[in-house]
Amino acid sequence: MVSSALAMSLFSLRSPSIEEGSAVRLEGQDDRFDSLLDFLPRMKMLLLGVWTLLALIPCPGAAEELFQVSVHPNEALVEFGHSLTVNCSTTCPDPGPSGIETFLKKTQLSKGSQWKEFLLEDITEDSVLQCFFSCAGVQKDTVLDITMYQPPEQVILDLQPEWVAVDEAFTVTCHVPSVAPLQSLTLTLLQGDQELHRKDFLSLSLVSQRAEVTTTVRAHRDNDRRNFSCRAELDLSPHGGGLFHGSSATKQLRIFEFSQNPQIWVPSLLEVGKAEIVSCEVTRVFPAQEAVFRMFLEDQELSPFSSWREDAAWASATIQAMETGDQELTCLVSLGPVEQKTRKPVYVYSFPPPILEIEDAYPLAGTDVNVTCLGHVLTSPSPTLRLQGSPNHSAPGKPAWLLFTAREEDDGRTLSCEASLEVQGQRLVRTTESQLHVLYKPRFQESRCPGNQIWVEGMDQMLACIPEGNPTPALVCVWNGMIFDLDVPQKATQNHTGTYCCTATNPLGSVSKDITVIVQGLPEGISSSTIFIIIIFTLGMAVITVALYLNYQPCKGNSRKRMHRPREQSKGEESQFSDIRAEECHANLC
């Protein structure tokens, strides 16, 4: 365009000059003007060629505006390991060399005159793809940013430690092994539904870090059994994607307090074979109900029964030592990761009761009784013995003796054998007792069988007579030739006045006694209160009589066993004797 304008200008300048030359001719210039006229046609042709050449050379700015290069999609978000199909196209009607540049594995799927389609496989990281086309010797390109994403499928929560002492710090850590892009991730630590800590990774300085968040918390009792979790959120909305969620498994934190040593409660002395209750207690422990007790006597493990209340826990067990000597009781208490142990020494001794030997436990009145007090052979060391009634103390390890003559008053006497032993500075005492049964003939004491008795007419009365003797004698009373019923109260009448002949019998003999009964009428003017007092007194005497009688029944049974006489035979003899005595009393009018 410039060359054409220049040529036209020169051509326009030439025409006036020729006309002027033809009209005016100056003298002295004819030759030079003729030379110029010869040069002008050649200059015109030269300028025309230059203009034509310039018109044939293309302009670079105009060529760029002739075609465009585009890629589809214009923004790519691809999940880790997946593939992407890319279409690269141009508006150039007759494009030259073209293609894509990427480090990813690519495969051309198809193509057209103005486009090509490629498959990108196994995308595992972010990348930039370049699509290019050339047109009329000019190359043009465009780029595609490929963003790889990986959802937070695995979220791992870690509590360190799992058991934490009160007032100590514990760490809660959460990390996601595989997630992308990290800048779009947010991690949140939760205690139950309460948010403990939140962290995002928007800062460029954190891009190279792990997807991890950590916080430190001080333990309190109300943290016990609380659930901790971690929530991961991957927000891809800035890249045209969605919101992905991931959560960790819930973990439970255990809080404990256990700083005091257990206390053992056990006697310092234990007897062989004797069951004893021992206990172990710990205070200021939390949670007390989860304290575990184990108790041992040397190598023997016991079976404790545990209990708790508030901040205290204890356990009790029954022990039964089978060997003498020094031993050790151990109590182990564990709670979570902590175990406390306490030991206490005990001494096990053997001290069976002493042996009391009576040569004849059922002697006859007037015979000698030999009593011996011996220490048990399993007692170690030998005890000191003392026999009740013995005038002298025996030397340690020596038996004690007692010799005496049995009297009727000795019946029911308790003989005592006492052994004493000093163990670990403590004095121990064991006692063995035995009852002496002296056999003697029946007898009547005036206090228990009065010879004169007064009955009140119209009142219920019983004959008051209890004989003494061992074995307990049988009592038969005869009145007017008939056996009088001693067990049933009789309403007193004047007919009951008279003498009653009572006979007491046991295997050693018999004795008789006459009892005079006088029945008196009720005096005139006697008050009802006086009658009531008399009735109460009479009933009281009857109760005392029955009680004394029953009190002698065991002795009667033992005596009969001692004399080896069948009960039926004794009853037959007593009945026979009563019949004979009744006949004698009737003959003699007793």
Side-chain angles (χ1 to χ4, degrees), residues 351-379 382-421 428-449 465-475 503-513 548-571 573-574 577:
F351 189 17
I355 300 172
L356 178 62
E357 295 180 349
I358 304 176
E359 185 176 4
D360 187 359
Y362 294 85
L364 293 174
T367 60
D368 291 338
V369 179
N370 191 6
V371 184
T372 305
C373 179
L374 302 170
H376 199 282
V377 294
L378 296 179
T379 304
S382 298
T384 300
L385 301 170
R386 179 174 179 271
L387 184 59
Q388 183 182 10
S390 178
N392 299 320
H393 290 280
S394 64
K398 299 296 183 181
W401 288 281
L402 175 64
L403 180 63
F404 65 95
T405 301
R407 302 170 301 168
E408 295 178 359
E409 293 78 8
D410 291 326
D411 183 36
R413 174 181 174 181
T414 299
L415 299 175
S416 174
C417 173
E418 181 183 274
S420 61
L421 182 68
L428 306 177
V429 177
R430 294 286 186 271
T431 303
T432 300
E433 294 182 344
S434 183
Q435 193 174 49
L436 187 67
H437 302 280
V438 179
L439 304 179
Y440 59 95
K441 296 178 180 181
R443 64 180 182 179
F444 289 106
Q445 294 284 354
E446 183 65 21
S447 59
R448 303 184 66 183
C449 188
C465 183
I466 299 177
E468 296 180 357
N470 192 15
T472 302
L475 179 64
T503 303
T505 305
N506 70 7
L508 300 179
S510 63
V511 63
S512 297
K513 183 176 182 178
L548 292 175
Y549 180 77
L550 294 177
N551 185 46
Y552 274 82
Q553 287 298 322
C555 297
K556 178 180 179 181
N558 293 334
S559 300
R560 290 178 177 175
K561 182 178 179 181
R562 177 67 179 85
M563 298 301 293
H564 302 288
R565 298 184 62 181
R567 186 173 180 180
E568 291 78 7
Q569 181 179 355
S570 298
K571 285 186 177 181
E573 293 177 354
E574 292 171 4
F577 179 80

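For clarity, every value in this text was computed on a predicted model and none was experimentally measured.
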Next item on the list: Answer whether the closest heavy-atom distance between the side chains of His437 and Asp411 falls below 4.5 Å.
Entry: yes
Item checked: Within 45° cone of Tyr440 ring axis and under 6.0 Å: Arg407 NZ or CZ -> no
Margin query: Can you tell me how far apart CG (Leu475) and OG (Ser510) are? Round to the nearest 0.5 Å.
Written below: 12.0 Å
Item checked: Side-chain heavy-atom pair Trp401, Val371 within 4.5 angstrom cut-off -> no
Check: Do Ile355 and Thr432 come within less than 4.5 Å of each other through their side chains, counting heavy atoms only?
Finding: no
Next item on the list: Any chance you could lay out the side-chain contact (heavy atoms from CB on, under 4.5 Å) test for Thr384 and Leu421, step after step, and finish with the verdict?
Entry: CA-CA 7 Å; Thr384 300; Leu421 182 68; over 6 Å; no
Margin query: How long is the straight-line distance from CZ of Arg386 back to CD of Gln388, given to the nearest 0.5 Å?
Written below: 7.5 Å
Check: Where is the tightest heavy-atom contact between Pro473 and Ala504, given as atom of each residue plus distance?
Finding: CB-CB, 4.0 Å
Note to self: If you define the side chain from C-beta out and look only at heavy atoms, does anything of Ile358 sit under 4.5 Å from Leu415?
What the structure shows: yes
Notebook entry, point to check: Which value, rounded to the nearest 0.5 Å, describes the distance between Asp368 atom CG and Thr405 atom OG1?
Noted result: 4.0 Å
Check: Of all heavy-atom pairs between Cys465 and Pro467, which one has the smallest distance, and what is that distance?
Finding: O-CD, 4.0 Å
Next item on the list: Would you please test Glu446 and Lys513 for salt bridge (Lys or Arg N to Asp or Glu O under 4.0 Å) and show each step?
Entry: CA-CA 10 Å; Glu446 183 65 21; Lys513 183 176 182 178; 2.8 Å; yes
Next item on the list: I would like to know whether Lys441 and Glu408 meet salt bridge (Lys or Arg N to Asp or Glu O under 4.0 Å); could you show each step before the answer?
Entry: CA-CA 9 Å; Lys441 296 178 180 181; Glu408 295 178 359; over 6 Å; no
Checklist line | Spacing of OG1 belonging to Thr372 relative to CG belonging to Leu402, to within rounding of 0.5 Å | finding: 9.0 Å
Check: Would you say the side chain of Pro507 lies within less than 4.5 Å of the side chain of Leu439, judging by non-hydrogen atoms?
Finding: no
Checklist line | Side-chain touch Asn470/Tyr362, heavy atoms, less than 4.5 angstrom | finding: no
Next item on the list: Taking only Lys NZ, Arg NE, NH1 and NH2, and the carboxylate oxygens of Asp or Glu, determine whether Glu468 and Arg448 approach each other closer than 4.0 Å.
Entry: yes
Check: Given side chains that start at C-beta, do those of Cys373 and Leu385 come closer than 4.5 Å, heavy atoms only?
Finding: yes
Check: Can you check whether Leu356 reaches Leu387 side chain to side chain, under 4.5 Å on heavy atoms?
Finding: yes
